[in-house]
Amino acid sequence: MNYQVLIVDDSFLMRSTLKKILEADKRITELDEAPDGEAAMKKIKAKHYDLILLDIEMPIMNGIEFMKRSKLHTNAHIVIVSSLAKVNSPQVEQAVSLGAFDVVAKPTGIVSLGMEQLKHDELLDIVNRSVRVLEEHA
Amino acid sequence: MSIEDNVLWQAFVEEVGEQLEFLESELVNFKSADEKTINEVFRFFHSIKSSSAIFHFVAMEEVAHAAETLLDKIRQRTVVVNDDIVSLLLACADSLKSQLLESMQTLQPPAADISLLQALSAFAAHAVFGDAHPVKSAEESNALGIDPVQLDEFANLFTAGMVKFFTVIEQGSTISRAKLTAVEKTLAQLVAAAEILDMTLFARTLGKLTVWLQGSRDDNKQLFHLFQILMEQVNAVEKLADYRFALVDIYDAVDTLFGEDFSANLAKVENGILHCQHELLDTRQIDSAHLGELCDSVDKLAKHFSILNLCGSTDLFRYFSQACRKAMVSDYTVDAAVFSLIHSFVLAHGEAVSEPLRQQSVDQDCKAAFRQFRNLLDRRQDDGFHRYERIAELTTLLDLEPDFMDYVENTEIELLENCIREHKNIAVLVVDIESNPVWSAGFIQWLNQHELITSRTVYSQKTVAGKTVEHTKSSFLVAFDDTEDVIAAAIDRLGDGQSCVDELSFRFPTQSYKHTRATSAPVAVTAAAADLTDAAIQIERRTGDGDSGKTLRVNSDAIDSFVSQVGEMVLHRNMLSHVLADSRVAQMLKNCRNVLEKSRNGQLSQEQMDALGNALGSIGDSHNQLLQAHAKLNDSVSRVQKDVMTLRVVPISIVFNRLPRVVRNINVNYGKDIRLQIAGESVRVDKSMVDILMEPLVHLVRNCADHGVESPDARRKAGKPPHALIEVTAEQRGSYLEIRVSDDGNGLDYQRIHAKAVQLGYVDQRASVSESELKMMIFRAGFSTSETVTEISGRGVGMDAVRARIAAIGGSIDVDSVAGKGTTFTLKLPVSAAIQGVILFLHDGEALTIPERNVVLGLTIPVSQIQSVQGQAAFIHQNKIMPLYSLSELLGWGNRVDKINTHREKTEQEVIIISNDDCHIALAVDKVVDRQEIFVRELHNDLLKLPGVGGASILGNGEVVIILDADALLQIASKQSQCIESILKAS
């Protein structure tokens with residue numbers, strides 16, 4: 001199958017990290033990035049995505065506004081990638097009530113100094129689940 | 001794989017580094033930060049926290065987390081930003097920076113900054129946080145129960161969808177299948193969106209529209225009916241949600257489609273007309289509520305007429321309602337004439353609609369009358385509404401007396417507006433002109449040098465000897481180029497001790513005026529603001545993704561390597577030029593031909609001769625082609641070289657951004673009141689210069705702050721404003737860059753410098769030393785006049801290092817000082833540190849170069865003129881003794897036997913006189929070759945340790961050449977002959 005993913009985060013490092021993690025899943029055929037909600041809106045209007053990994057704190061258009069707007073354009077699964085301490089924040093709750101597919105903590109400690117080991121099981125599990133849901137619908 | 005090669009590690013180092021740079025410059029002026037900046041700073045700490053977590057750098061994570069928590073409080077307005085908070089946040093940024101540096105060096109997680117964390121938790125424990133005052137969010141739901149953001153998105157979608165729908169169906173039967181499918185898809189998306197938002201009625205109507213589209217598409221009446229229902233639904237949503245759809249776009253799309261097919265709508269339009277007429281008759285006395293209703297109905301009418309496609313008329317109605325709306329908030333009146341005009345149009349339009357035949361002529365009438373109407377309204381607006389609006393804005397902006405409006409002239413308003421735009425300082429001056437004629441004469445003369453905007457007489461009552469006397473004063477509104485302190489000082493001087501000025505108050509616009517940036521505190525803030533925008537651009541450029549297509553994120557190492565490879569290419573091109581320029585090739589060809597010619601009757605057969613001749617001919621041809629190709633290559637290589645240099649060019653603001661922080665630290669830690677003014681931060685320099693310039697500039701600013709600027713008390717005594725000003729400006733002048741750092745302090749203290757110079761043994765106690773010689777003393781190693789060694793400067797390791805740094809990149813530094821007025825350091829720097837002009841010469845058969853800037857002149861002297869003064873070779877040059885050195889001697893290449901005096905076999909000696917402004921020496925060389933521009937290559941550190949060696953390059957012939965460090969040579973020379981000055985004086 002064709003599984004397309006969009007990563008929306010203002011940090012270049014975070015985008016690169018998420019990208020590296022997701023590269024492990026070979027079903028993902030396309031991995032695009034956007035640095036803020038507005039850029040992401042342009043992307044989703046031009047192209048279909050199955051999964052959107054979304055940061056909340058972003059310039060120009062934040063994750064919450066992006067969720068509200070994108071809902072009218074796409075039924076992509078939106079997974080909130082939130083920093084650890086904020087998993088229970090009101091914003092995350094709002095995102096969930098807006099229909100976020102899941103919330104996952106930002107990857108921590110996954111790049112150990114001296115070696116390259118990138119694994120974020122939780123994130124990959126969510127991708128698995130998202131793919132399964134899509135296949136069931138298909 | 002080691003961590004250094006890890007792309008994520010590189011991204012971490014770069015991104016966090018950039019964010020910290022940005023934070024530092026934002027935080028300096030954080031007290032006056034707006035909401036956007038606070039959010040941005042919050043986001044950066046937040047982002048650093050997440051980034052640190054990726055590498056499990058717990059120490060950084062903790063600091064960033066604490067800063068983020070504090071900023072969240074600021075963001076929610078539970079705490080007001082004060083100096084303590086700014087210092088704390090800056091400490092966080094500093095700590096993160098040093099932790100980042102630490103981890104970059106050790107490649108280990110950085111150690112925790114326990115003292116900072118303690119300070120943070122202590123602060124959190126003691127700070128009093130108020131209740132959250134969340135910024136009034138747009139989340140509040142409206143009567144419709146739809147989230148405003150989603151409604152906005154839906155409106156965008158709806159408008160775009162409708163425009164698409166109507167433009168496509170306009171094409172009638174010729175619509176292609178593909179386009180039809182696209183429109184169907186758009187409608188389907190709209191339906192889905194409406195359903196998501198629970199706008200079921202909308203969804204249903206849109207669904208009917210889809211059915212119409214899929215049908216025969218010939219029933220325009222039904223289409224219009226559906227459209228009308230949609231518009232009614234839109235109107236209902238607009239009212240309930242207090243939101244405006246961008247309907248004009250849709251009307252424009254609909255306009256041409258429906259044309260005259262609208263008689264069905266007549267009843268509605270006529271109702272509108274009747275309603276309007278009624279309003280018009282009733283509202284001779286303008287009541288704003290009525291006028292508002294009228295505007296609404298006229299707007300509605302305009303919409304309908306727009307659909308009816310009556311040219312000109314819709315504009316008129318929109319214009320009318322616009323004018324009425326303005327009239328409600330101003331003293332501009334919509335009077336009977338205007339009303340009767342609009343009245344007649346409404347009537348004419350009503351008739352036009354009922355009699356389609358008349359439409360054409362009405363259109364014509366409309367157009368003519370519209371012009372007339374517009375002119376009428378425009379005139380009114382110009383002298384009524386517009387004037388009112390401008391003055392009202394100016395009055396609040398500058399906090400002027402309300403009656404300002406009554407006396408100000410239109411031309412004066414313009415003048416004032418211009419002054420504000422030009423960031424002049426506006427002040428109100430109230431002056432007692434009459435009581436002191438002498439003073440007043442001086443005052444008026446002074447006033448005339450500035451921009452006088454208005455003047456008027458104000459009356460006040462004064463009690464003189466028990467009697468109340470009517471007293472008149474003059475009030476002036478004046479614009480100044482100078483700062484408030486300069487003006488205040490100037491007025492004080494005018495007063496000659498006694499001042500007749502009753503009031504001098506500066507009116508700083510607190511908000512921007514007509515999209516112009518405000519000049520609230522003209523000194524520091526605007527410069528800093530400009531910095532920040534530059535920095536913002538910088539950040540944006542870097543964080544934006546590749547989509548913008550304009551910028552790329554490139555590792556600076558890659559650019560450096562590219563630049564150096566292009567440099568190498570230039571060198572190879574030069575080598576090629578060298579070979580091709582060798583006239584021997586052409587000469588050899590000629591010789592060959594001659595030989596051939598001569599041996600015509602010799603042993604070679606005619607055939608052999610011809611073959612040889614041909615061969616020579618084609619060699620000659622290809623040589624010519626080679627020359628042509630070389631000329632072209634030359635061209636393109638030069639262009640590439642030029643372009644590549646621009647790749648490394650960055651705004652100098654990167655360096656300047658550091659300075660506000662430096663000044664702030666000094667102010668906070670040493671009780672000074674220094675403002676920093678920065679100009680020319682957009683001047684671009686080679687990136688290599690940024691790293692080199694950073695320290696010297698910071699040092700110069702510190703030096704000004706510490707040595708130059710007096711304490712506020714001393715300043716007041718000297719009649720200066722208590723706060724000092726340090727100006728840093730950059731300016732590009734041709735191929736070099738000039739940076740000036742100046743203060744308005746006390747200037748250099750020559751007496752103290754002299755005393756110190758004597759103490760250090762640089763000059764003789766009794767010798768008289770000129771000021772210009774003295775001022776150069778401060779650039780000497782170990783020279784500091786500061787009695788107490790402070791943190792800021794005065795450790796005596798500064799100015800000589802600054803000078804060395806600047807000299808190393810081919811720049812020079814100069815200092816100017818006016819006693820009591822201030823000191824100015826002027827740096828002259830090449831725009832790029834990579835290419836230098838040098839003088840090439842031969843020494844002992846070895847090619848060597850020396851930077852052009854250090855060379856005073858080259859000359860040839862008869863050996864007989866070389867004398868020995870106290871064992872030092874020297875000759876007389878321009879009536880001065882010029883010590884002469886052998887390079888081998890200075891560089892330690894030969895032994896001292898190889899002295900110049902021993903070269904008796906020569907009758908003449910070529911010398912190069914070098915200088916560093918302080919002193920001159922001559923170097924004996926074999927031969928001066930020429931001046932060249934060379935690409936400076938970095939030398940291995942071990943080679944740089946060799947005395948007198950500054951760098952290296954490759955010459956056109958491929959030979960490696962050393963670039964000598966003239967300053968080092970001069971130092972070695974002065975060490976060798978303990979004190980050149982004493983030799984000079986002995987003469």
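Reckoned from all heavy atoms, side chains included, excluding hydrogens, waters and symmetry mates. Residue numbers start from 1 in every chain, and the chains themselves are labelled A, B, ... in the order their sequence lines are given, proteins ahead of strands.
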Under 4.5 Å to a heavy atom of chain A? For N156(B) that would be side chain

Residue among R43(B), Q189(B), E195(B), K36(B) with most heavy-atom pairs under 4.5 Å to chain A
R43(B)

If you count every heavy atom of other residues, nucleotides or ligands that lies below 6.0 Å from K185(B) atom NZ, does the total exceed 12?
no

Between Q150(B) and K68(A), what is the shortest heavy-atom contact and its length?
NE2-O, 3.0 Å

Considering only heavy atoms, which portion of S50(B) lies under 4.5 Å from any heavy atom of chain A: side chain, backbone, both, or neither?
both

Given heavy-atom pairs under 4.5 angstrom as the criterion, report whether the side chain, backbone, both or neither of M58(A) touches chain B.
backbone

Below 4.5 Å, heavy atoms only, C-beta onward: do E57(A) and N39(B) meet side chain to side chain?
no

Need one label for L190(B): side chain, backbone, both or neither, based on atoms under 4.5 Å from any heavy atom in chain A.
neither

Rounded at 0.5 Å granularity, tell me how far CD1 in I54(B) sits from CD1 in I21(A).
7.5 Å

Do you know which of K42(A), K45(A), K71(A) has the most heavy-atom pairs with chain B at a distance under 4.5 angstrom?
K71(A)

Indicate yes or no: does K106(A) engage E61(B) in a salt bridge with an N to O separation below 4.0 Å.
no

In this structure, NE2 of H46(B) is separated from CD1 of I56(A) (nearest 0.5 Å) by 8.0 Å

Can you tell me how far apart CG (L157(B)) and CG (L72(A)) are? Round to the nearest 0.5 Å.
6.5 Å

Does the side chain of H73(A) reach to within under 4.5 Å of the side chain of E153(B), using non-hydrogen atoms?
yes

Going by heavy atoms in the side chains, are E14(B) and L13(A) under 4.5 Å from each other?
no

Taking side chain as C-beta onward, heavy atoms only, is S51(B) less than 4.5 Å from S11(A)?
yes

